[in-house]
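Nothing fancy with the numbering, it's 1 onward along the sequence.
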Amino acid sequence: MGGLRAATHHLLTVAHRSINRNAGVEFACADENIDMQRQRAEAYAPCTAEIDGNHGASGAEAIFDQALTNGLAAIVSSQWGEEGAADKKGRVKSAARLLTVVEDKAKAVTTEPGIFVIPDPEPAAATVQGDSRWPWAQDPNLPDLDTRINITVLRDGIKGTQPVRHASGEGGLRREHVDALLALDDHESLRVLGAEHSDRAWESTRDEDRHSRARAAALLSRIGDEAAARRAEEAAELHTPYHPKHNPNGLGLPDCPVCGYAAFSADYGDELGMGVGVGECLVCHYERTPAAAAEEAEKMYYQARWADA
């Protein structure tokens with residue numbers, strides 16, 4: 001969940017920066033603006049990630065509209081103030097009207113019709129060597145995070161999603177519409193998709209590992225203690241141990257986290273060298289995937305680091 005915390009901290013920083021650009025706002029309103037910007041980014045991220053994986057899924061058109069409206073509202077409010085994102089009655093403008101705001105205020109790319117750019121406020125090329133404690137972040141070859149908003153494609157996306165959303169035709173969401181939606185994440189008011197994908201991968205790994213443990217526990221209940229003990233005795237003969245020439249990536253037979261027998265046969269260990277194997281228990285058939293091994297190894301690594309601190 002570290003990705004989500006990092007993204008939230010980033011959003012708060014950007015919101016404060018946006019408020020400073022629009023001086024004169026009362027603190028109560030400022031806090032409300034920060035909360036609203038966070039909510040918009042948090043609505044944009046899961047919706048965009050969802051249709052990025054399957055833009056042809058049922059309901060994708062409504063999800064696209066929700067993601068686009070929240071993403072554009074966050075961008076417009078951050079760049080030109082909340083008044084730019086709201087209509088005369090104080091309600092947030094539709095995605096189509098927010099695109100008009102971008103078209104009026106952002107810089108058009110003359111060589112690419114329909115593309116409007118919001119420059120990166122902190123371009124990599126402007127970074128002074130020695131300003132950062134992370135040398136890799138000072139690489140002048142890193143691309144600037146200019147926000148490229150494809151007005152033409154996004155408007156076409158809005159047009160294509162309307163018929164099915166209003167029961168007057170089929171859906172018309174295409175891959176190019178989703179790609180244009182993804183491009184909005186380069187804006188400093190968003191930059192949340194990385195955290196969203198990371199959290200989804202984390203949840204998927206946890207879910208898969210829990211199911212593997214449950215299947216292993218069910219197998220143990222079915223075969224009984226005697227059969228489990230017999231399998232444990234045979235494990236050493238079935239396992240291919242480490243050998244500097246024939247099996248350099250092999251590990252020993254550590255205890256299985258489910259059945260407790262020294263019967264977990266690993267094909268290889270984790271990349272951090274913490275001894276967490278990727279493989280299968282020869283007794284209960286609990287399987288540990290590379291992703292689950294990496295998560296467990298990271299936990300052990302940081303526990304060791306904290307203990308040394």
Side-chain angles (χ1 to χ4, degrees), residues 1-6 42 45-60 63 193-308:
M1 300 299 286
L4 181 58
R5 287 196 296 268
E42 290 179 352
C47 290
T48 302
E50 190 67 30
I51 58 176
D52 182 28
N54 184 8
H55 67 277
S58 298
I63 296 174
L193 282 179
E196 177 66 24
H197 286 303
S198 177
D199 287 346
R200 286 181 174 228
W202 180 83
E203 290 171 1
S204 176
T205 296
R206 280 291 182 88
D207 185 63
E208 185 177 356
D209 193 64
R210 283 195 298 266
H211 276 78
S212 182
R213 289 171 183 264
R215 289 190 294 267
L219 176 62
L220 287 172
S221 298
R222 188 167 67 250
I223 66 175
D225 293 341
E226 290 185 9
R230 186 169 61 253
R231 290 186 179 194
E233 292 177 359
E234 298 171 349
E237 298 178 5
L238 298 173
H239 175 65
T240 303
Y242 165 81
H243 189 281
K245 180 178 180 181
H246 302 296
N247 190 24
N249 295 322
L251 299 174
L253 275 175
D255 293 345
C256 171
V258 177
C259 67
Y261 286 107
F264 190 84
S265 180
D267 297 322
Y268 56 90
D270 66 276
E271 295 183 355
L272 293 176
M274 302 303 294
V276 181
V278 176
E280 180 179 6
C281 176
L282 298 175
V283 174
C284 66
H285 294 296
Y286 161 67
E287 293 183 60
R288 183 188 286 130
T289 64
E295 181 184 334
E296 182 65 25
E298 287 178 6
K299 186 189 303 180
M300 295 171 61
Y301 175 80
Y302 285 113
Q303 286 176 342
R305 291 291 299 271
W306 291 332
D308 294 338

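The CG atom of Leu251 sits 8.5 Å away from the CG atom of Asp270 when rounded to the nearest 0.5 Å. Rounded to the nearest 0.5 angstrom, Ser265 OG and His285 NE2 are separated by 11.5 Å. The CG atom of Asp209 sits 11.0 Å away from atom OG of Ser204, with the distance rounded to the nearest 0.5 Å. Taking CD from Glu208 and OG1 from Thr289, the interatomic distance works out to 5.0 Å, rounded to the nearest 0.5 Å. Here the CG-NE2 distance, from Leu253 to His239, works out to 4.5 Å after rounding to the nearest 0.5 Å.
Residues Val258 and Ala217 approach most closely at CG1-N, 4.2 Å, considering heavy atoms. Between Ala291 and Thr205 the shortest heavy-atom distance is CB-OG1, 3.4 Å. Residues Ala293 and Val278 approach most closely at CB-CG2, 3.5 Å, considering heavy atoms. A pairwise comparison of heavy atoms in Ala49 and Leu193 identifies N-CD2, 4.2 Å as the closest pair.
Between Met274 and Glu296 the shortest side-chain heavy-atom distance does not fall below 4.5 Å. Using a 4.5 Å heavy-atom threshold, the side chains of Asp52 and His197 count as touching. Side-chain contact between Cys281 and Tyr261 is absent, with no heavy-atom pair separated by less than 4.5 Å. Within the 4.5 Å cutoff, side-chain heavy atoms of Val283 are placed close to those of Leu220.
Side-chain contact annotation: Tyr268 with Asn247, donor-acceptor N/O pair under 3.5 Å absent.
More than 12 heavy atoms of other residues, nucleotides or ligands lie within 6.0 Å of CG in Asp207, so this atom counts as buried by the packing criterion. More than 12 non-hydrogen atoms from other residues, nucleotides or ligands lie less than 6.0 angstrom from CD of Glu234.
A salt bridge is defined here as a Lys NZ or Arg NE, NH1 or NH2 lying under 4.0 Å from an Asp or Glu carboxylate O, and Glu196 with Arg200 meets this definition.
Arg288 forms a cation-pi arrangement with Phe264, by the criterion of a distance under 6.0 Å to the ring centre and an angle within 45° of the ring axis.
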For the pair Glu287 and Arg215, evaluate salt bridge (Lys or Arg N to Asp or Glu O under 4.0 Å) and give the outcome as yes or no after the intermediate values. CA-CA 10 Å; Glu287 293 183 60; Arg215 289 190 294 267; 5.7 Å; no
Decide side-chain contact (heavy atoms from CB on, under 4.5 Å) for Arg231 and Ile223; before the verdict, give the C-alpha distance in whole Å, the side-chain angles of both, and the deciding distance to 0.1 Å. CA-CA 10 Å; Arg231 290 186 179 194; Ile223 66 175; 4.1 Å; yes
